[in-house]
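Taking it in order: structure first as structure tokens, then the write-up.
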Amino acid sequence: MAGLQTLTIFRRLRSVLRRQAMPIGVAAVLAAGIITVAPAADARITKIQILSRGPAFEGFSFPGVGPYERIIGKGFGEISPTDRHNSVIVDIGLAPRNVIGKVEYSFDFYILKPVDLSKGNHKVFYEAPNRGAKAFAGFNRSTGGNDPSASSDPRNTFLAPQGYTMVWSGWDFGAGTDNSDLTLTITLPTAKNPDGSSVTGPAYEYIVTPRPADSYLLSYPAATLDPAQATLTHRVHLDDVPQVIPASGWEYFDNGTAIRLRPAGTALVPNDIYEFSYTAKDPSVNGIGFAAVRDFNSFLRYAPADSGGTSNPLAGDVTRIYTFASSQPGRMLNDFRNLGFNEDENGKIVFDGMLQWIAAGDGINVNYRFSQPGRTERNRQDQLYAEGVFPFADQRSTDPITGKTAGRYDKCTTTKTCPLGMEVYSANEYWAKAASLFTTDPMGNKDLPDHPMARDYFISSHQHGTGRQTVKGNCQQFQNPLDSAPVLRALWVALDKWSTKGIAPPPSEIPRLSDGTLVPPLPQSGVGFPKIPGIAYTGLKSTRYLLNYGPQFYSTGIMTINPPVIKPPIFDNRENGPIYPSYVPKTDADGNDIAGVRLPDVTVPLATYTGWALRSGPQANDGCEGTGQYVAFAKTKAERMASGDPRLSIEERYPSFSAYSSAVQKAVDDLIARGLMLQEDRAFNLKRLQQAGVATGAFKTESASSDSR
């Protein structure tokens, strides 16, 4: 592709803008000797280059486990396009083949392992990176960003003290090609017509920039540089009618890999919505990312050594592989399992268990022609990318719109390669991603029973990830600071016991239609959300449509219409296509969700926490994407009465700090008793919650003292 250097820079910048903020360490990959490891004849990873190998955590030795080492490298794989395990990959038949008829790819990997594997627990923690980055820091209580081997307090981390080997590998075309900061990338083949000419087709870009930008990098190069053959539109609010920018008002540059406004120097307006529809060429075969994840983990688990005796770094050690994923890669793993990739090419299981955080109800825009894996639908962004596609649930159900009957566990059930599953998700997934369809039938008429191999956990009142209580950003209220990490750690332990000992995990905790805790977003009174002074409530919720991408799209993954044609209003407009009804959690009188796993912050509240938020500024009352809200209670009855706040004040709830602290201890101990918090997290959370109570200034005569039993 022309302009490769510019393409790389723009793609990396765009990826950063699109993803949730996460710490990214800056580390150089130190070139070392290259060790070539050829797998056994039946493995699909053909070569591994180890680029750097050395001590992790500055040589710290974990009690009972010993020191860890860091291995950084590059893997090379090949797959047969005719094998039944791979034929589901869209455009695999148009990918170039090597001399033995296989399709090749390569990817980056990163491993942290005990130096002496015999002292480890013989289990692998595998995280599929989020847009190339490692997103497990909160879960693992670690620092170091993309180089977790540099964590500042390794003793206090979660995984290494237990002896886990930790593995990451590239799978996402959207992560770009720059690995200088240990972003994990993948190199994929480009689909070509049988005569070698470029594959072309309709492509679509949804463009919102957080600051003025003088250009935008396209996901795929334009097939023609004629502006008259493309359409660029602009609007401020999602429900505004898009205004076409004339062809004279913009131009292609860098050989059709990017666009910019004219005259030169005109910037895209921050936070406004631009949409670009054009004919693109040269799609990468992005579905190979599924095979790359499958085959690398299968190699680590099953392949012993090459013919020269050089071992797989984990040869003979792995008894279990569990995945952890946060957001985007969880949606990838939903499709990974649904499409049958948890069976390797030899018919063996790849992953034993999957712990998914904030991915429920959706797949990912990967296994389609001109797909864009970095996209994620929320109630103001990326509404027209194929993501929420039936089947929505693990259980088999029938979609009356299409007539299909399916469930996400169907294929692995047939091959006896199903992983145990734990789907853990926030309130934001209900408001922004129609997550209720994960636990109801497609028409939203009834609750579905648990799948026997899966459990679902809703973290009540949580936003998508953890926000900063003192920051509003583009939203009207402060971000929601709730932190799911203690629950995720407890569920990880439960997943391991479920897999190794057959001990059932905590039961699913979700809102349900049957008990009235899953309701329509309007009217407000039906949801139960109070009328809080200064807090706008509109009931804004994403709508799950069966979108029209062309007559054969849902069977071939190839669009002839892109984007689908819709018109305002964007939500709940039956003129835009058939609708799969979805619902949101009912709240209590404080505005906090009733059902689900309630963190102590919600059980013993000092504020209202929501999974939804609305924008401020020129885009006011549009959705604020993945962000939630933190709305503090008044300190005193007099203060709340003066403002007209219907929520009880802190003074009215807790007659003393001792009463508040006692309630907090009870809430924490209840989570521990239910297997939803570990004893090791007790002292920290008691102290944190007690300090939060003191910080309100509502308790005048007492101070916090932590109970660290």
Side-chain angles (χ1 to χ4, degrees), residues 19-20 130 135 325-335 354-365 375-383 385 387-394 408 421-440 442 444 447-448 454-467 479-480 482-484 487-488 491 508-513 517-521 527 539-544 571 580-587 592-599 602 609-613 623-629:
R19 63 177 174 242
Q20 289 284 327
N130 188 318
S326 179
S327 191
Q328 180 226 24
R331 294 185 288 112
M332 182 275 288
L333 288 171
N334 282 342
D335 281 352
M354 293 180 172
L355 179 59
Q356 313 276 74
W357 168 229
I358 47 180
D362 272 353
I364 192 168
N365 194 259
R375 299 291 183 173
T376 182
E377 175 198 3
R378 294 201 179 95
N379 50 22
R380 194 182 187 264
Q381 68 185 45
D382 297 345
Q383 289 281 326
Y385 293 88
E387 174 181 313
V389 177
F390 181 84
F392 309 113
D394 293 332
R408 288 183 179 166
M422 287 183 171
E423 201 79 43
V424 192
Y425 44 101
S426 77
N428 186 259
E429 276 67 63
Y430 284 94
W431 291 93
K433 300 180 86 68
S436 66
L437 286 164
F438 193 66
T439 62
T440 73
D447 302 310
L448 296 175
R455 297 291 185 272
D456 306 320
Y457 305 97
F458 164 53
I459 309 296
S460 310
S461 297
H462 211 294
Q463 73 169 44
H464 186 85
T466 297
Q479 296 175 3
N480 183 336
L482 294 180
D483 183 5
S484 64
V487 175
L488 295 174
L491 290 175
S508 296
E509 295 200 26
I510 57 173
R512 300 181 189 274
L513 296 168
T517 57
L518 192 62
V519 296
V527 176
L540 177 65
K541 173 188 68 68
S542 289
T543 302
R544 178 66 70 240
F571 303 116
Y580 297 98
S582 61
Y583 303 93
V584 299
K586 186 176 178 62
T587 76
N592 289 318
D593 297 335
I594 294 171
V597 178
R598 290 183 128 208
L599 295 170
V602 178
Y609 304 89
T610 75
W612 57 270
C624 213
E625 288 92 18
T627 309
Q629 298 177 109

His464 and Ser327: side chain donor to acceptor below 3.5 Å: yes
Atom of Leu333, atom of Ala325 and distance for their closest heavy-atom approach: CD1-CB, 4.0 Å
Student check: side-chain heavy atoms of Leu518 and Lys586 closer than 4.5 Å: no
Chi angles and distances behind the side-chain contact (heavy atoms from CB on, under 4.5 Å) call for Thr376, Gln328: CA-CA 7 Å; Thr376 182; Gln328 180 226 24; over 6 Å; no
Nearest non-hydrogen partners of Trp431 and Pro521, listed with the distance: CZ3-CB, 3.8 Å
Validation row, ring centre Phe390 to ring centre Tyr580 under 6.0 Å: no
SB check Arg544 Glu377 (cutoff 4.0 Å): yes
Heavy-atom closest pair, residues Glu429 and Ile358: OE1-CG2, 3.2 Å
Donor-acceptor under 3.5 Å (Asn130 side chain, Ser326 main chain): yes
Side-chain heavy atoms of Leu540 within contact of Trp612, under 4.5 Å: no
Minimum heavy-atom distance between Ser484 and His462, given as atom pair plus value: N-NE2, 3.1 Å
Any donor-acceptor pair under 3.5 Å from Arg408 side chain to Phe392 backbone: yes
Partners passing side-chain contact (heavy atoms from CB on, under 4.5 Å) against Thr439 (at least two apart in sequence or in another chain): Tyr425, Asp456, Ile510
Backbone of Val602 reached by a side-chain donor or acceptor of Asn592 within 3.5 Å: no
Among Tyr583, Phe458, Phe438, the one residue meeting ring-ring contact (aromatic ring centres under 6.0 Å, His included) with Tyr430: Phe458
Check: Gln383/Ser542 side-chain N/O donor and acceptor closer than 3.5 Å: yes
Contact check, side chains of Lys541 and Val584, non-hydrogen atoms, under 4.5 Å: yes
Nearest non-hydrogen partners of Leu491 and Met422, listed with the distance: O-SD, 3.4 Å
Euclidean distance, Arg380 CZ relative to Glu625 CD, rounded to 0.5 Å: 6.5 Å
Under 3.5 Å: donor-acceptor pair, side chain of Thr610, backbone of Gln629: yes
Test salt bridge (Lys or Arg N to Asp or Glu O under 4.0 Å) applied to Glu387 - qualifying residues, sequence neighbours left out: Arg331, Lys433
Those residues that, when tested against Asn480, pass side-chain contact (heavy atoms from CB on, under 4.5 Å) (two or more places apart): Gln463, Leu482, Tyr609
Polar side-chain atom of Ser461 near backbone of Asp593 as donor-acceptor pair, under 3.5 Å: yes
Considering all heavy atoms, the nearest Leu355-Leu488 contact: CD2-O, 3.6 Å
Gap between atom OG1 of Thr627 and atom CZ of Arg378 - 0.5 Å precision: 8.0 Å
Donor on one side chain, acceptor on other, Gln356 and Asn334, under 3.5 Å: yes
Donor-acceptor contact present, side-chain Asp447 to main-chain Thr440, <3.5 Å: no
